[in-house]
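For clarity, every value in this text was computed on a predicted model and none was experimentally measured. Only this structure's heavy atoms are used, side chains among them; waters, hydrogens and symmetry mates stay out.
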Protein chains: 2
Amino acid sequence: MTNKSSNDMESAVRVRHSAEERREEAVDAVIELSRERSPEGITTQAIAERIGVTHGALFRHFPDKASIWMAVFDWLGARLGRVADTAFAAGGEPLLILERLFHAQIAFVASHPGVPRILFHELQRPAGSTLHGLARGIVGAYRERVKALIVQAKAGGQLPPGLDADAAAVLFVGTVQGLVVQSTLFSGELDMRDAARRVFPLLLDGFRGASA
Amino acid sequence: MTNKSSNDMESAVRVRHSAEERREEAVDAVIELSRERSPEGITTQAIAERIGVTHGALFRHFPDKASIWMAVFDWLGARLGRVADTAFAAGGEPLLILERLFHAQIAFVASHPGVPRILFHELQRPAGSTLHGLARGIVGAYRERVKALIVQAKAGGQLPPGLDADAAAVLFVGTVQGLVVQSTLFSGELDMRDAARRVFPLLLDGFRGASA
DNA sequence: AATAAGTAAGTAACCTGTTACTATCTTACA
DNA sequence: TGTAAGATAGTAACAGGTTACTTACTTATT
């Protein structure tokens, strides 16, 4: 947001930032650019422009483009982890935490529209690749935490003992992802939070079981 | 799989196919290639190679690359529509149709792993683009059909009258998409059908409502 | 003075689309 | 039926553009 005017006045004020700073700026730039264009289409040129630097300079801070993406994924994993941590930290009954987690996750991707696009993009990489593994790790860890909550709720009697905890965790995570897909398709950010509020009770009822 | 040796023996047997045939072959090639690599990364060169033709020949049958993708989406919309049609045609109670639709959809994408990748890829295109609109239309139409079934089930007394039909439709469609995302991430095709079987009952219980 | 950050101008690879030419099929007609 | 003509499918090579990455040189900071 601070650049864009770097073409006026040439390099009148050649701002110098530390390597560390530039690396963070680059990650932010990628997240922002993902909001507008397809992640695969983000060029090193565009990243450099956005942070107000020639694109040669970018390669002083990253050995290659792949490692820029690695940095983006590190950021992403850390942020998503923190979102979950906060939801857990507030405490309360397992089902309450689950609900908080659900909405927190939705709110996070709603306020960072680039994030789901990056994850979807990752789904297209060959299954073996490093970044695919990273994405897998992030979602997998999330699913495990959800499953733990469900098991806990079963133990506490808030969910029926016959509930398939694995299936429930898959459904929970899948619901978040499904909402993201639909909101991306129908591109209404506010819509997503609203849809989440209406969908969650149904999800919970499914866990509680009607016919069991 | 049948190409790759086209450099031995030169053009020993120059096979000629009709334009119509080549166009279909190209679409098939794109679907197949999407299984392995990112759809955005599929080059006209690769498509041509796969159908055993120089890439100049490809442009005899399509004016440009975009229209290849248009053809792919036509194919996709038609096939997905047919899957839904069959599920409806078999008849029965609304909830039964819903279940059949769910599993049919899952089975289809499980047997065409390239399809979800193409749709995910589409999610990354700028929201206004033609192809984004096509994807939107496909998913939107599907959701409407699901909603109609739910309304019908409410009328027939198989679902509670207080059920939020819109939210339920979103959840239903979202569940399919969530399963696809997870199976792509954890790349087990068989896994997806199994997960679908375990998840569906939970979904249905959610519709029936536990607390209402 | 030394080091870290930045620039400008490459380069090699690759990608879409074009063009000038060639081979094959179809069909009209002698 | 045989063949010339026209249409159709295919090829090879290239043009123009973009992309990731490099290199030789410049400027700021400590």
Compare side-chain N and O positions of H61(B) against OP1 and OP2 of dG10(D) and report whether any pair is under 4.0 Å apart.
yes
Is any side-chain N or O of R22(A) closer than 4.0 Å to OP1 or OP2 of dA4(C)?
no
How many whole angstroms separate atom CD1 of I47(B) from atom C1' of dG10(D)?
17 Å
Return the set of residues passing side-chain hydrogen bond (donor to acceptor under 3.5 Å, both in side chains) with E122(A) (not counting sequence neighbours), or none when no residue passes.
R125(A)
Separation of dG6(C) P from E49(A) CD (nearest whole Å):
16 Å
Qualifying residues under ring-ring contact (aromatic ring centres under 6.0 Å, His included), relative to F120(B), sequence neighbours excluded
F120(A)
The criterion is side-chain hydrogen bond (donor to acceptor under 3.5 Å, both in side chains); which residues satisfy it with R60(B), sequence neighbours excluded?
none
For H61(A), give me all partners under side-chain contact (heavy atoms from CB on, under 4.5 Å), at least two apart in sequence or on another chain.
A19(A), R22(A), R23(A)
What residues form a side-chain contact (heavy atoms from CB on, under 4.5 Å) with I97(B), not counting sequence neighbours?
F88(B), R100(B), L149(B)
I'd like to check the salt bridge (Lys or Arg N to Asp or Glu O under 4.0 Å) partners of E36(A); sequence neighbours left out, ordered by chain and number.
R50(A)
Pairing of D85(B) and R145(B) as salt bridge, 4.0 angstrom limit
yes
Protein-nucleotides 3-7 of chain D N/O pairs closer than 3.5 Å?
none

Report the distance from atom NE2 of H17(B) to atom P of dT8(D), rounded to the nearest whole Å.
18 Å
DNA chain C contacts among residues 67-75 of chain B, heavy-atom distance under 4.0 Å
none
Classify every nucleotide of nucleotides 15-23 of chain D by which part a protein heavy atom approaches to under 4.0 Å, writing B for the base, S for the sugar-phosphate alone and - for neither, in 5'-to-3' order.
----SBBB-
Which residue pairs satisfy the side chain to side chain donor-acceptor pair (under 3.5 Å) criterion with at least one member in residues 62-74 of chain A, sequence neighbours excluded?
D64(A)-S67(A)
Counterpart residues, side-chain hydrogen bond (donor to acceptor under 3.5 Å, both in side chains), relative to S129(A) (two or more places apart)
none
Sequence-distant partners of L80(B), side-chain contact (heavy atoms from CB on, under 4.5 Å), two or more places apart:
L76(B), Q105(B), F108(B), I138(B)
Report the relative orientation of the aromatic rings in F200(A) and F102(A); use parallel for angles under 30°, tilted for 30 to 60°, perpendicular for over 60°.
tilted
Could you state the CZ-P distance from F62(B) to dG10(D), rounded to the nearest angstrom?
12 Å
